[in-house]
**Student:** 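Before anything else, here's the structure in question.
As the structure is a prediction and not an experimental result, all values here were calculated from the model.
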Amino acid sequence: MDNRDGAETVPGGRKRRTTRRPRPGSGTSAPRSGSGTSAPRFAKPLTPASVLGWTALSAIAPGAAHLRAGRRRTGLILLGAYAVLLLAALAFGLTRNLENLAAFAGEGAQVSVIVGATILALAWFAVLVTSYVVLGPNKLNQQGQVLTGIVVGVLCVAVMSPFALTATTVMSARDAIDDIFPTQTDPDAPPPPKEGEDPWGGQDRVNFLLIGGDAAGNRTGVRTDSMNVASVDLKTGNTVLFSLPRNLQHVRFPPNSPLRKQFPNGYMAELPNGGLLNEVWQYANDHPELMGGHNKGPRALMDAIGYTLNLKIDYYMLMNMYGFADLVDAIGGLKIRVERDVKWGGHYGTAGTIKAGYRKLTGEQALWYGRSRVDSDDFSRMARQRCVIGAFAQQATPTKILTNFTKIAGAAKRLAQTNIPKHLVQPLVELAVKVKDARITSLQFVPPEFWSGSPDWVKIRRATKKALSDSERAARRAQTANVSASPSVTSSSAPTRASTPTQTPTRNSQKADAKSLDELCGL
């Protein structure tokens, strides 16, 4: 058969051409040996700079490096998953408010945040590493491989840092909560609610005793030099702050108190110039045989103050003064209107002077502003203390708290002793959000309206009741005028009744009303 035409005969009379060799310069390349298809190729070789650029781009747009490397399916899957995650996070953020965010104070939510942050950190680390590998850094020279490897390693650490910081912050919060709030419920405190029930036990108000103690290394025991009761309306957050002087004498105890038998006529009534309110805590701790147990100072003080005001004190919190200074520093200081120069340090104020005017006080300055007695008395000091409390409540914004949370958590560990149980932390945070935007009024039991040396117990109770009533009436007026977003107050439970102490003759004749802290302190 003639094969000169370059073809051979096959069955059926057809001819098959022989495969021709490619012409030189035709641009057609033969497939690699051992492979039926050629591997994806870049449009042009990648440089170290382009490898780093595409890897960095993958940190904010996962899948970009895979698309550049020709892995379209993987790249599109990563970009799609990232878009869904981003949209879900955006939707979550837009539908949250401060009260919703308070849910993260719960233990379950904190664990979820820690686990979620850990998973996202590992996921972003894996995305960066695979993005770097798929770009083929092995095609670079040795110097380029070393350079890109080091930079990508640093980039991985930088990308994981925000997630690690989130997890660390939440863990610090859990540690602070565990250190401050007791797991076991105080037998003298309200019993814990069952699941699904109102955490506050159906109350309309909850009363907290806020105590400033001056315990220090050179002092024995605790002297409660600052005592304030914060009575909070659970529906509106409106709060009345009752300030009691440290030298209030001969306070009474309720019939169910162990100290009632010891002091039937009032705390150390036999002493004309003794029996001060700030001694009750330490006396109870020093006499466990009378109280029926150790560390009953908080209960004795809560009983005495609650009986004085005709209120049921639900919980207490003791704040160490030096821990409070650390807390003020943690939020960046307090802005306060100083009405007159306040000297502090020793008996003559030689350590420094806080000048009159609007000032931003450091933690040390805020501490001494509230406790200095130089050229002043206990009653003017009480007025400054309530302004410090009000300023802190107003200026400790969520943004400041989140920004400085690690510092705040560390300061809080040195700050507090309380009987508020751990299961009330989340409801307490939700209540604090309400209080921040609500109306805070203050009533001080100081001369000339009230005389601490010979108190008129009936007048104190009447003034307390009126202050609470005025606070609720203001909330109803605001609701009617449509100037407040707080829910309306339909009713208010009367303070817990107790037998009325014997009235003592005093010069108390002036009318006493609670006043707004904004007006009193110029906040």
**Student:** Do Asn295 and Asn285 come close enough that some side-chain heavy atom pair is under 4.5 Å?
**Tutor:**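 In contact.
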**Student:** Mind checking what makes side-chain contact (heavy atoms from CB on, under 4.5 Å) contact with Arg359, not counting sequence neighbours?
**Tutor:**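 So Arg359 forms a side-chain contact (heavy atoms from CB on, under 4.5 Å) with Val338, Lys355, Leu361.
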**Student:** Any donor and acceptor pair, going by atom type alone, linking the side chain of His294 with main-chain N or O of His287 inside 3.5 Å?
**Tutor:**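 No, the answer is negative, given that no donor and acceptor are paired below the 3.5 Å cut-off.
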**Student:** Is there a side-chain contact (heavy atoms from CB on, under 4.5 Å) between Leu431 and Val206? Walk through the geometry before answering.
**Tutor:** CA-CA 10 Å; Leu431 184 60; Val206 62; 3.8 Å; yes
**Student:** Could you give me the CA-CA distance, side-chain angles and deciding distance for Trp200 and Asp314, then say whether side-chain contact (heavy atoms from CB on, under 4.5 Å) is met?
**Tutor:** CA-CA 10 Å; Trp200 303 109; Asp314 298 292; over 6 Å; no
**Student:** Determine the minimum heavy-atom distance between Ile460 and Phe445, stating which atoms define it.
**Tutor:**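 Result for this residue pair: CG2-CE2, 3.7 Å.
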**Student:** Measuring from atom OG of Ser226 to atom CE of Met319, what distance do you get when rounded to the nearest 0.5 angstrom?
**Tutor:**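 Answer for the OG-CE pair, Ser226 versus Met319, is 6.5 Å.
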**Student:** Is it true that a side-chain atom of His250 and a backbone atom of Leu271 form a donor plus acceptor pair closer than 3.5 Å?
**Tutor:**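 Between the backbone of Leu271 and the side chain of His250 there is a qualifying donor-acceptor contact (under 3.5 Å).
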**Student:** To the nearest 0.5 Å, what is the distance between CZ on Arg462 and NZ on Lys466?
**Tutor:**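 If we round to the nearest 0.5 Å, Arg462:CZ and Lys466:NZ are 13.0 Å apart.
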**Student:** Please assess Met291 against Leu259 for the test side-chain contact (heavy atoms from CB on, under 4.5 Å), listing each intermediate value before the final yes or no.
**Tutor:** CA-CA 7 Å; Met291 295 298 300; Leu259 293 181; 3.6 Å; yes
**Student:** If I take atom CD from residue Glu279 and atom CG from residue Asn247, how far apart are they, to the nearest 0.5 angstrom?
**Tutor:**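 So the CD of Glu279 and the CG of Asn247 are separated by 10.0 Å.
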**Student:** Within this structure, what is the CG-OH distance for the pair Leu276 and Tyr267, rounded to the nearest 0.5 Å?
**Tutor:**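 If I round to the nearest 0.5 Å, the distance is 8.0 Å.
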**Student:** Are any of the side-chain heavy atoms of Met227 and Trp281 separated by less than 4.5 Å?
**Tutor:**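 Result no, sub-4.5 Å side-chain heavy-atom pair not found.
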**Student:** Test side-chain contact (heavy atoms from CB on, under 4.5 Å) on Thr362 and Asp329; report intermediate values, then the result.
**Tutor:** CA-CA 6 Å; Thr362 65; Asp329 284 331; 3.9 Å; yes
**Student:** So which atom in Ile354 and which in Gln365 form the shortest heavy-atom distance, rounded to 0.1 Å?
**Tutor:**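 Looks like CD1-O, 3.3 Å.
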**Student:** Any sub-3.5 Å donor-acceptor pair from Asp303's side-chain atoms to Phe253's backbone N or O?
**Tutor:**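 Not at all, since once roles are kept as given, no pair shorter than 3.5 Å links the two residues.
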**Student:** Okay, side chain of Asp341, backbone of Ala356: is any donor-acceptor separation there less than 3.5 Å?
**Tutor:**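 Side chain of Asp341 to backbone of Ala356, a donor-acceptor pair under 3.5 Å: yes, one is there.
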**Student:** Does Tyr358 offer a backbone N or O that forms a donor-acceptor pair with the side chain of Lys335 under 3.5 Å?
**Tutor:**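 No.
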**Student:** CZ/Phe163 to OG1/Thr118 distance, rounded to the nearest 0.5 angstrom?
**Tutor:**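 Rounded to the nearest 0.5 Å, the CZ-OG1 separation comes to 10.5 Å.
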**Student:** Got Val229 and Ile313 here, is their nearest side-chain heavy-atom distance under 4.5 Å?
**Tutor:**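 Sidechains of Ile313 and Val229: in contact.
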**Student:** Taking salt bridge (Lys or Arg N to Asp or Glu O under 4.0 Å) as the definition, give me every residue that meets it alongside Arg246, ordered by chain and number, with sequence neighbours left out.
**Tutor:**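 Result, salt bridge (Lys or Arg N to Asp or Glu O under 4.0 Å) vs Arg246: Asp225, Asp378.
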**Student:** Just by distance, do the side chain of Gln249 and the backbone of Leu277 share a donor-acceptor pair under 3.5 Å?
**Tutor:**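 No; judged by distance alone, with no hydrogens or angles, the pair does not exist.
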**Student:** Is it true that a side-chain atom of Ser172 and a backbone atom of Thr168 form a donor plus acceptor pair closer than 3.5 Å?
**Tutor:**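 Side chain of Ser172 to backbone of Thr168, a donor-acceptor pair under 3.5 Å: yes, one is there.
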**Student:** Check the surroundings of atom CD in Gln262: do more than 12 heavy atoms from other residues, nucleotides or ligands lie under 6.0 Å from it?
**Tutor:**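 For Gln262, atom CD is crowded (more than 12 foreign heavy atoms under 6.0 Å).
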**Student:** Is the closest basic N to carboxylate O distance between Asp178 and Arg174 below 4.0 Å?
**Tutor:**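 Answer for the salt bridge query: no.
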**Student:** Closest approach of Leu210 and Ala230, non-hydrogen atoms and distance?
**Tutor:**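 Heavy-atom minimum between the residues: CD1-CB, 4.2 Å.
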**Student:** Kindly give the heavy-atom pair with the smallest separation between Ala284 and Ala300, and that separation in Å.
**Tutor:**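 Of all heavy-atom pairs spanning Ala284 and Ala300, the closest is CB-CB, 3.6 Å.
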**Student:** Validate the cation-pi geometry between Arg461 and Tyr307: distance from NZ or CZ to the six-membered ring centre under 6.0 Å, angle to the ring axis within 45°.
**Tutor:**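 Pair Arg461/Tyr307 counts as cation-pi.
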**Student:** Testing the 3.5 Å rule here: is there a donor-acceptor pair between the side chains of Asn207 and Ser231?
**Tutor:**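 Yes, Ser231 and Asn207 have a side-chain donor paired with an acceptor closer than 3.5 Å.
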**Student:** Looking at Asn238, is its backbone amide N or carbonyl O close enough to the side chain of Asp233 to form a donor-acceptor pair, meaning the two atoms are under 3.5 Å apart?
**Tutor:**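 Side chain of Asp233 to backbone of Asn238, a donor-acceptor pair under 3.5 Å: no, none is there.
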**Student:** Does Ser243 use its side chain to pair, donor to acceptor, with the backbone of Leu241 at less than 3.5 Å?
**Tutor:**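 The answer is no, because no donor-acceptor pair under 3.5 Å joins these two groups.
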**Student:** Please tell me if the side chains of Pro199 and His423 come closer than 4.5 Å, counting only heavy atoms from C-beta onward.
**Tutor:**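 No, too far: nothing below the 4.5 Å cut-off.
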**Student:** Are any of the side-chain heavy atoms of Val113 and Thr166 separated by less than 4.5 Å?
**Tutor:**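 Yes, their side chains come closer than 4.5 Å.
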**Student:** Is the shortest side-chain heavy-atom distance between Leu209 and Leu301 below 4.5 Å?
**Tutor:**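 Yes. Closest side-chain heavy atoms under 4.5 Å.
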**Student:** Minimum heavy-atom separation for Pro421 to Tyr315, with atom names?
**Tutor:**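 So the minimum-distance heavy-atom pair works out to CD-CE2, 3.7 Å.
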**Student:** Quick check: do Leu468 and Arg205 have side-chain heavy atoms less than 4.5 Å from each other?
**Tutor:**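 Of all side-chain heavy-atom pairs linking Arg205 with Leu468, at least one is under 4.5 Å.
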**Student:** Can you find a pair of side-chain heavy atoms, one from Leu318 and one from Pro298, that are under 4.5 Å apart?
**Tutor:**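 No, their side chains stay 4.5 Å or more apart.
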**Student:** For Met268, does the CE atom sit with more than 12 other heavy atoms under 6.0 Å from it, leaving out its own atoms?
**Tutor:**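 Atom CE in Met268 is packed in, count exceeds 12.
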**Student:** Could you tell me whether a side-chain N or O of Ser372 sits under 3.5 Å from a main-chain N or O of Lys343, the two making a donor and an acceptor?
**Tutor:**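 It does hold such a pair.
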**Student:** If I take atom CG from residue Leu367 and atom CD from residue Gln385, how far apart are they, to the nearest 0.5 angstrom?
**Tutor:**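 Between atom CG of Leu367 and atom CD of Gln385 there are 10.0 Å.
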**Student:** For residues Ile420 and Phe181, report the shortest heavy-atom separation together with the two atoms involved.
**Tutor:**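 Closest heavy-atom pair between Ile420 and Phe181: O-CD2, 3.3 Å.
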